[in-house]
Number of protein chains: 2
Amino acid sequence: MRLSKTSEYALRILSFMINSDMQVFSAKYLIDTLNVPDKYLRRLMTDLSKNGFIKSLKGRDGGYIFAKNANTIHISQVIDAVEGMDRYEGCIMGFGDCSDSNPCSLHENYAPIKEQLIHFLSTTTISELKSTNVLKF
Amino acid sequence: MRLSKTSEYALRILSFMINSDMQVFSAKYLIDTLNVPDKYLRRLMTDLSKNGFIKSLKGRDGGYIFAKNANTIHISQVIDAVEGMDRYEGCIMGFGDCSDSNPCSLHENYAPIKEQLIHFLSTTTISELKSTNVLKF
DNA sequence: TCAAATTACTATATGGTGGTAGTATATTAA
DNA sequence: TTAATATACTACCACCATATAGTAATTTGA
Ligand code: FES
Ligand code: FES
């Protein structure tokens, strides 16, 4: 299972921000530190701003800052904002509806795993990504 | 979590074949029954043949047939043949190496779920997809 | 034999994600 | 006031998965 690259970038950025002591992060700084393509990161940050996760401070000494407490931002919300969560909620074989009463041949075994995945993504918040063990961003 | 459309098709086809009493399946029959695009299915079948899951019988009354016992075909092998399993084995945040000693910030919570997913895909065989409960192909 | 039924091959079109380029706009330290 | 430092916007390009089209090759029943 892999997220879209855009989701990966978004989570890496927010994860990096919550693990840092700094308050304001310029695009340039994030680009250099996280090795995310310049213009791609800028567009993504605008997108995250519009979705209310962060807000931008324009002009000299400007940058990005959390728009709300990171413990109110769930991973699933971030994924939903940049690529949509549908991809993870539907049937693994591509049939739209996934339910016990209308199962595909993989449903019985896969459904419990999916439940855990969805639960994990929708209950974990960005602030829970703060850790001293994490070595990479 | 969703497989690539090609993997979906492949699994739906093999799942359909194991759940049917027939032995030989023409491309035309599969196309009409499973609503998979004509030429796309044909190319996929050739691909599955080359990977040894099925074999083709050419000419009049030809079609496709399992090339080996379906209980020796694991789901992960099918996925690996048509889209590759790397996508599911790596770090959820896109860092190549995923291990407890070099974790990303999601690793601690995600790794156990990934283990289950990989285990499920690599131990389940096509013949286990035979079921009277399944309503859709 | 040969026509019908079938798979195999090659080339091309399309759509979406990821990535790039250039310009416009806003803010502020000096 | 103004130059420097930021973000915002618009258009475009590249690649890959998905899908389509046309033709060639193979087998077999009649
Ligand atoms: S119906 Fe396919 S995974 Fe639930
Ligand atoms: S290192 Fe990211 S999921 Fe394991």
Side-chain angles (χ1 to χ4, degrees), chain A residues 2-13 17 22-67 79-84 86-88 93-94, chain B residues 2-13 17 22-51 53-67 79-88 93-94:
Chain A
R2 274 273 305 277
L3 306 172
S4 76
K5 211 137 194 205
T6 312
S7 289
E8 288 176 7
Y9 287 151
L11 291 174
R12 282 176 54 200
I13 291 162
M17 286 171 69
M22 298 169 55
Q23 293 298 310
V24 180
F25 301 82
S26 74
K28 189 173 189 320
Y29 176 66
L30 293 172
I31 287 159
D32 294 341
T33 311
L34 302 179
N35 292 303
V36 177
D38 189 318
K39 297 301 172 64
Y40 203 70
L41 178 136
R42 292 172 191 279
R43 204 168 56 183
L44 174 56
M45 295 310 270
T46 301
D47 208 33
L48 294 175
S49 296
K50 283 178 177 163
N51 279 279
F53 302 125
I54 57 176
K55 60 188 169 192
S56 65
L57 308 175
K58 282 184 141 188
R60 186 166 182 160
D61 293 331
Y64 301 95
I65 188 173
F66 276 107
I79 296 173
D80 204 30
V82 303
E83 66 160 321
D86 349 356
R87 206 163 119 63
Y88 306 96
M93 283 185 111
Chain B
R2 274 271 306 277
L3 305 172
S4 76
K5 212 143 194 197
T6 312
S7 289
E8 287 175 8
Y9 288 151
L11 291 174
R12 282 176 54 202
I13 291 163
M17 286 171 69
M22 298 169 55
Q23 292 297 312
V24 180
F25 301 83
S26 74
K28 190 174 190 317
Y29 176 66
L30 293 172
I31 287 160
D32 294 342
T33 312
L34 302 179
N35 292 302
V36 176
D38 188 320
K39 297 301 172 65
Y40 202 71
L41 178 136
R42 291 173 190 278
R43 206 168 56 182
L44 175 55
M45 295 310 270
T46 302
D47 209 32
L48 293 176
S49 297
K50 285 180 176 164
N51 279 279
F53 303 125
I54 58 176
K55 61 187 168 194
S56 64
L57 307 176
K58 282 184 141 187
R60 189 168 179 156
D61 294 332
Y64 301 95
I65 188 172
F66 277 107
I79 296 174
D80 204 29
V82 302
E83 67 160 321
M85 276 293 291
D86 349 354
R87 209 165 117 63
Y88 305 96
M93 283 185 112

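Order of the sequence lines sets the chain letters (A, B, ...), proteins ahead of strands, with each chain counted from 1.
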- Task: Return the set of residues passing side chain to side chain donor-acceptor pair (under 3.5 Å) with B:Y29 (not counting sequence neighbours), or none when no residue passes.
- Result: none
- Using the test side chain to side chain contact (heavy atoms under 4.5 Å, CB included), find all partners of B:R60 that sit at least two apart in sequence or belong to another chain. none
- Between atom CZ of B:F25 and atom CZ of B:F66, what is the distance when rounded to the nearest 0.5 Å? 7.0 Å
- Query: How would nucleotides 22-30 of chain C be written as a contact map, 5' to 3', with B for base contact, S for sugar-phosphate-only contact and - for no contact, using protein heavy atoms under 4.0 Å?
  - Reply: B---BBSS-
- Tell me: CG of B:D38 to C1' of D:dG22, nearest whole Å? 12 Å
- Item | Sequence-distant partners of A:T6, side chain to side chain donor-acceptor pair (under 3.5 Å), two or more places apart | A:Y40
- Task: Not counting sequence neighbours, which residues clear side chain to side chain contact (heavy atoms under 4.5 Å, CB included) with A:K58? List them please.
- Result: none
- B:T46 vs C:dA8: side-chain N/O to OP1/OP2 distance below 4.0 Å: yes
- Message: Does anything in residues 41-52 of chain A form a salt bridge (charged side-chain N to carboxylate O under 4.0 Å, His left out)? List the pairs, not counting sequence neighbours.
- Response: A:D38-A:R42
- Message: For DNA chain D, which residues of residues 26-34 of chain B approach it to below 4.0 angstrom with any heavy atom?
- Response: none
- Note on the structure: In this structure, NZ of B:K28 is separated from CG of B:L41 (nearest 0.5 Å) by 12.5 Å
- Note on the structure: Contacts of B:D61 meeting salt bridge (charged side-chain N to carboxylate O under 4.0 Å, His left out) (sequence neighbours excluded), chain-then-number -> none
- Query: Within this structure, what is the CZ-to-P distance between A:R42 and D:dA11, rounded to whole angstrom?
  - Reply: 20 Å
- Task: Look at B:K50 and C:dC9 and indicate whether a side-chain polar atom (N or O) is within less than 4.0 Å of OP1 or OP2.
- Result: yes
- Query: Atom CD1 of B:I13 to atom P of C:dT7: distance rounded to whole Å?
  - Reply: 12 Å
- Query: A:G52 and A:A67: which non-hydrogen atoms are nearest, and at how many Å?
  - Reply: O-CB, 3.4 Å
- Interatomic spacing from CG in A:D32 to OG in A:S26 - rounded to 0.5 Å: 8.0 Å
- Query: Between the two ends of the helix from C:dT1-D:dA30 to C:dA30-D:dT1, what is the bend in degrees, rounded to 10 degrees, where each end axis spans five pairs?
  - Reply: 10°
- Query: Does A:E83 have any side chain to side chain contact (heavy atoms under 4.5 Å, CB included) partners at least two apart in sequence or in another chain, and if so, which?
  - Reply: A:L3, A:S4, A:S7, A:I79, A:R87, A:Y88
- Distance, nearest 0.5 Å, that separates CE of A:M17 from CZ of A:R12: 14.5 Å
- Along nucleotides 14-19 of chain C, 5' to 3', which nucleotides get a B, which get an S, and which get a -, given that the test is a protein heavy-atom distance under 4.0 Å? ----BB
- Please examine the side chains of B:L44 and B:I13, heavy atoms only from C-beta on, and report whether any two atoms are closer than 4.5 Å. yes
- What's the CD1-P distance between B:I54 and C:dT7, to the nearest Å? 10 Å
